[in-house]
**Q** 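Handing you a structure now.
Only heavy atoms go into these numbers, but all of them, side chains included; no hydrogens, no water, no symmetry mates. A, B, ... follow the sequence lines: proteins, then strands. Residue 1 opens every chain.
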Number of protein chains: 2
Amino acid sequence: MTGEVQTRAAAAVDQARQWDRLMRMAALGAIPGDGVNRACLTELDRESRRLLIGWAQAAGLTVSVDRLANLFLRHEGTEPGLPPVLTGSHMDSQPNGGRFDGIWGVIAGLEAVQALRGAGITTRRPIEVVAWTNEEGGRFAPGCMGSMAYAGFKPADTWDAVADGEGLTFGAELAKQLSLESDIPRRGLGVVDGPAPFAYVEAHIEQGPLLESAGLDIGAVEGIQGSRWFLVEVVGKSDHAGTAPLRLRKDAVQDMLRAIAALNELTHDPDDVLRFTVGRIEVSPNSSNSVAERARFTIDLRHPDKDVLLAKGDAIERTVQAAMTTCAATVTERFHALPSRFDPLVPGLVEQAARGLGLGVRRMASGAFHDAQFLAQVCPSGMIFVPCRGGVSHHPSEYSSPEQLGAGTRVLAAVLAELANR
Amino acid sequence: MTGEVQTRAAAAVDQARQWDRLMRMAALGAIPGDGVNRACLTELDRESRRLLIGWAQAAGLTVSVDRLANLFLRHEGTEPGLPPVLTGSHMDSQPNGGRFDGIWGVIAGLEAVQALRGAGITTRRPIEVVAWTNEEGGRFAPGCMGSMAYAGFKPADTWDAVADGEGLTFGAELAKQLSLESDIPRRGLGVVDGPAPFAYVEAHIEQGPLLESAGLDIGAVEGIQGSRWFLVEVVGKSDHAGTAPLRLRKDAVQDMLRAIAALNELTHDPDDVLRFTVGRIEVSPNSSNSVAERARFTIDLRHPDKDVLLAKGDAIERTVQAAMTTCAATVTERFHALPSRFDPLVPGLVEQAARGLGLGVRRMASGAFHDAQFLAQVCPSGMIFVPCRGGVSHHPSEYSSPEQLGAGTRVLAAVLAELANR
């Protein structure tokens with residue numbers, strides 16, 4: 001049941017203005033095929049932030065930045081001392097990325113707040129639109145640095161020494177960015193320096209095919225599935241492809257194939273919920289007439305259920321070892337994130353708002369990581385998904401229509417109107 | 001049955017001098033782990049040629065070069081007008097190569113000729129020691145350019161436009177080499193400009209494990225097995241590893257694995273004569289959290305029997321296609337060399353000389369390519385193999401002992417003494 005205020009907020013969303021802003025952002029770092037390459041803490045990143053700041057100031061919002069360069073656009077509440085409602089996402093892109101991943105969540109936040117203001121809706125609580133620093137992790141790994149530091153998950157200086165492909169460090173590039181943005185008022189760092197926000201809502205394209213294939217408009221995201229990442233290295237012996245009899249070989253490619261086939265068996269899921277991916281393979285010497293000495297491959301394993309994720313992940317090493325015939329394998333776990341489940345507050349409001357606006361909605365888990373994963377540790381959080389064409393993201397062809405994005409922002413405006421008056 | 005002249009020629013081989021020369025050559029382009037990186041038509045190549053020329057001239061041989069920069073060291077016969085006996089190999093190495101592949105055949109030729117001369121053995125026919133240009137193909141592809149042009153297999157200017165990794169062309173680098181060696185008398189180009197040699201004998205390390213594992217000293221090479229090289233490209237669709245359900249994926253890595261498994265079945269040979277190798281794999285975008293859009297792999301297929309090579313090779317495309325579940329595959333044949341069988345003259349003399357010298361010998365096929373493959377088209381040809389440790393070549397750890405190499409050169413000296421007096 002959507003109230004009158006929520007309906008008015010949603011109705012004030014300007015779908016065309018939002019689309020226009022997205023396309024202007026997409027011009028910053030545009031690459032062939034409608035793509036975007038806009039890494040964090042670069043000149044392009046700063047240009048996009050200046051563009052956003054200009055729009056925010058024109059809309060009457062106040063701008064501030066914290067020491068991780070997370071950028072905040074604040075709509076004041078009638079009770080400014082109350083913890084704010086936070087919404088937003090990130091502005092950096094994958095190296096070969098698209099026009100919507102991340103940036104839409106920021107533009108949608110601005111659009112929703114502008115809609116509230118345009119409709120003359122006041123809120124008790126402030127609403128802050130945030131652009132988190134380095135969500136993608138494409139230039140500096142890992143991603144989600146800004147939100148992790150904000151949520152107190154890691155100290156602010158954790159990644160200072162992380163270097164990009166050219167040897168520039170995150171610490172130095174962050175200092176440069178802050179210096180170039182020294183005209184913007186500085187604020188404290190999230191829960192490290194102040195109270196937690198009242199709630200966090202992040203709008204994002206789904207990055208998967210479920211909404212599109214079900215013909216739905218909105219995903220009310222209840223949580224983010226857990227992930228475990230592994231690196232497997234298979235070491236054999238290089239030989240001349242023309243001379244070494246197969247019985248005398250230690251062919252790393254062949255034992256890698258056996259390992260992956262065994263892992264396919266291990267991770268087979270008739271319900272198709274488990275995600276098992278071998279996305280990266282490197283062979284050495286990688287010469288067509290040499291038997292491979294080494295083969296390395298990655299495993300990306302995800303599941304919303306902690307017990308399944310633990311059981312399957314823990315079985316990977318022995319499965320790989322059992323598959324070796326002549327080579328030796330080492331299995332290294334590189335990342336482990338348990339499934340996170342959002343507080344029911346925000347997902348409930350998202351579902352309710354979507355239904356109230358006559359939109360098709362389902363509850364779902366997010367397959368990808370998001371900044372919301374860390375915000376969920378400090379305040380009730382949730383996400384609003386909209387369909388994207390073919391489920392494609394992290395690619396120039398990533399696409400959601402003006403109408404699909406408009407629907408998502410209407411839901412966001414309605415949810416913010418509700419949360420900020422609680 | 002080895003004659004007295006052959007026995008004397010063999011006995012005059014100086015194993016220590018040969019080893020010393022190999023080690024001095026190995027210093028030119030030395031890389032860590034006892035390896036060598038000496039690409040053709042480089043300054044290092046020219047240095048090694050000058051070193052060789054100095055030794056040859058000191059031994060009384062005359063030096064000449066043809067327009068492919070193939071280098072000849074001539075021992076004059078008592079009947080200089082007769083077609084010469086040719087022996088030799090190449091001086092260029094793989095980028096991460098060893099100290100014996102190729103260069104030993106050249107040094108062995110010089111040592112054998114010096115042994116004959118030292119023992120006061122005259123020959124009716126001239127003997128020419130040759131160093132072929134660009135056998136490896138590591139800098140300019142394909143390999144065996146010098147011998148192909150010599151044998152009239154391809155016109156001399158065929159590869160002028162072939163560029164190396166830095167954009168330098170074979171034609172320009174060849175012209176530079178010839179200009180820097182303009183003090184060396186120029187000769188015509190092989191059978192293009194003159195008569196065929198009487199015979200060709202090439203000494204080479206085995207590059208495989210058969211002699212070592214059988215405890216034998218000498219391989220009398222009867223021919224070179226045939227090869228077919230294929231490139232397979234599997235095209236699917238990139239997806240987010242966390243979001244795309246497996247049933248909706250077109251995972252190029254997974255269909256590649258199915259294809260290789262099916263090819264393993266196709267090429268399974270209980271006699272272990274067929275050589276099937278997948279040595280090179282490239283995945284795109286090759287990101288640990290992206291389903292692979294493309295996977296490319298190479299196939300190197302070899303067999304000494306033409307019928308087997310044709311049947312198995314021709315079945316590759318349909319085997320790959322039948323293995324595809326969701327992706328599309330293209331199979332391209334990039335190279336096809338039928339098995340070549342040497343005239344029985346040289347292999348017979350090699351076997352006879354080895355037995356006469358009390359060495360363990362077997363007849364065998366070469367698994368690798370060699371310049372002898374092209375010489376075999378124009379004159380009776382053959383090769384002398386010696387064992388190499390672990391069958392390893394194209395690697396810094398490539399090794400044959402002074403004794404193993406000495407035995408090979410004694411056989412070569414005996415064979416040359418016989419052939420050059422026919």
Side-chain angles (χ1 to χ4, degrees), chain A residues 96 206-210 213 224-225 227 229 231 237-249 251 253-254 257 260-261 264 269 272-283 285-292 295 297-300 302 334 366-369 390-395, chain B residues 96 206-210 213 225 227 229 231 237-249 251 253-254 257 260-261 264 269 272-283 285-293 295 297-300 302 334 366-369 390-395:
Chain A
N96 191 38
E206 181 196 344
Q207 303 184 271
L210 298 182
S213 63
I224 297 181
Q225 67 183 336
S227 307
W229 291 357
L231 177 68
K237 177 170 152 288
S238 189
D239 265 314
H240 192 295
T243 57
L246 273 65
R247 72 176 184 283
L248 296 179
R249 295 184 179 185
D251 186 329
V253 161
Q254 290 292 339
L257 299 193
I260 299 175
N264 283 339
D269 175 8
D272 205 13
V273 173
L274 188 147
R275 306 277 181 265
F276 168 73
T277 308
V278 173
R280 185 177 180 93
I281 292 178
E282 282 164 330
V283 173
N286 213 31
S287 162
S288 67
N289 59 352
S290 296
V291 176
F297 66 96
T298 58
I299 297 168
D300 182 316
R302 308 198 193 196
R334 303 169 78 197
S366 168
F369 304 124
V392 173
S393 71
H394 291 190
H395 190 273
Chain B
N96 191 39
E206 182 196 342
Q207 303 185 272
L210 298 182
S213 63
Q225 67 183 335
S227 308
W229 291 357
L231 178 67
K237 177 170 152 290
S238 189
D239 265 315
H240 193 294
T243 58
L246 272 65
R247 73 176 184 284
L248 296 179
R249 294 184 180 187
D251 185 329
V253 161
Q254 290 293 340
L257 299 193
I260 299 174
N264 282 339
D269 175 8
D272 205 13
V273 173
L274 187 146
R275 305 277 182 265
F276 167 74
T277 308
V278 174
R280 186 177 180 92
I281 292 178
E282 283 164 330
V283 173
N286 213 30
S287 163
S288 66
N289 59 352
S290 296
V291 175
E293 180 178 12
F297 64 97
T298 58
I299 297 167
D300 182 315
R302 308 199 193 195
R334 303 169 77 196
S366 168
F369 304 123
V392 173
S393 70
H394 290 190
H395 190 272

**Q** Looking only at heavy atoms and a cut-off of under 4.5 Å, which of A/Ala292, A/Ser287, A/Ser227, A/Ser238 has the most pairs with chain B?
**A**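 The answer is A/Ser287.
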**Q** Please check if any side-chain donor atom of B/Asn286 sits under 3.5 Å from a side-chain acceptor atom of A/Glu282, or the reverse.
**A**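 There is no such pair (donor and acceptor under 3.5 Å, judged by atom type) between the side chains of B/Asn286 and A/Glu282.
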**Q** Measuring only between side-chain heavy atoms, which start at C-beta, is A/His394 closer than 4.5 Å to B/Pro285?
**A**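 The answer is no, as the side chains (C-beta and beyond) never meet within the 4.5 Å cut-off.
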**Q** So which residue, A/Ser290, A/Gly208, A/Gly367, ends up with the most heavy-atom pairs under 4.5 Å with chain B?
**A** A/Gly367
**Q** Any side-chain heavy atom of A/Phe276 within less than 4.5 Å of one from A/Ile299?
**A** yes
**Q** Please classify the contact between B/Ser288 and chain A as side chain, backbone, both or neither, with a heavy-atom cut-off of under 4.5 Å.
**A** both
**Q** Has the side chain of A/Ser213 got a donor or acceptor atom that lies under 3.5 Å from a matching backbone atom of A/Leu210?
**A**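 Yes, A/Ser213 side chain to A/Leu210 backbone: donor-acceptor pair under 3.5 Å.
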**Q** Heavy atoms, side chains only, cut-off 4.5 Å: are A/Glu206 and A/Ser393 in contact?
**A** no
**Q** For B/Arg249, enumerate each residue passing the salt bridge (Lys or Arg N to Asp or Glu O under 4.0 Å) test, keeping only those at least two apart in sequence or located in another chain.
**A**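 Residues passing salt bridge (Lys or Arg N to Asp or Glu O under 4.0 Å) with B/Arg249: none at all.
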**Q** Need one label for B/Asn264: side chain, backbone, both or neither, based on atoms under 4.5 Å from any heavy atom in chain A.
**A**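 Contact with chain A: side chain only.
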**Q** Between B/Phe369 and chain A, which part of the residue has a heavy atom less than 4.5 Å away: side chain, backbone, both or neither?
**A**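 The answer is neither part of B/Phe369.
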**Q** Specify which of A/Pro209, A/Ala295, A/Ser366 makes the most heavy-atom pairs with chain B at under 4.5 Å.
**A**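 Option with the greatest count: A/Pro209.
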**Q** Name the option with the most non-hydrogen atom pairs under 4.5 Å to chain B; the candidates are A/His395, A/Lys237, A/Gln254, A/Gln225.
**A** A/Gln254
**Q** Less than 4.5 Å to any heavy atom of chain A: does that hold for the side chain of B/Leu231, its backbone, both, or neither?
**A**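 Neither part; nothing is under 4.5 Å.
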**Q** Name the option with the most non-hydrogen atom pairs under 4.5 Å to chain B; the candidates are A/Val273, A/Leu248, A/Ile260.
**A**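 Top count of heavy-atom pairs under 4.5 Å with chain B: A/Ile260.
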**Q** What is the minimum heavy-atom distance between A/Leu246 and B/Arg275, and which atoms define it?
**A** CD1-CA, 4.0 Å
**Q** So which part of B/Gln207 gets closer than 4.5 Å to some heavy atom of chain A, the side chain, the backbone, both or neither?
**A** both
**Q** Heavy atoms only, distances under 4.5 angstrom: which of A/Asp272, A/Asp300, A/Ile224, A/Val283 has the most pairs with chain B? Name it, please.
**A** A/Asp272
**Q** Hey, which of B/Val291, B/Val253, B/Asn289, B/Asp239 is the one that makes side chain to side chain contact (heavy atoms under 4.5 Å, CB included) with A/Thr277?
**A** B/Val291
**Q** Could you tell me which portion of A/Pro245 (side chain, backbone, both or neither) has an atom closer than 4.5 angstrom to a non-hydrogen atom of chain B?
**A** both
**Q** Would you mind checking which part of A/Thr243 comes under 4.5 Å of any heavy atom in chain B, side chain (CB onward), backbone (N, CA, C, O), both or neither?
**A**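 For A/Thr243, heavy atoms of backbone and side chain both lie under 4.5 Å from chain B.
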**Q** Counting only heavy atoms closer than 4.5 Å, note whether B/Arg280 contacts chain A via side chain, backbone, both or neither.
**A**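 Both backbone and side chain.
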**Q** Are the side chain of B/Arg302 and the backbone of B/Leu274 linked by a donor-acceptor contact shorter than 3.5 Å?
**A**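 Here the side-chain-to-backbone pair does not exist.
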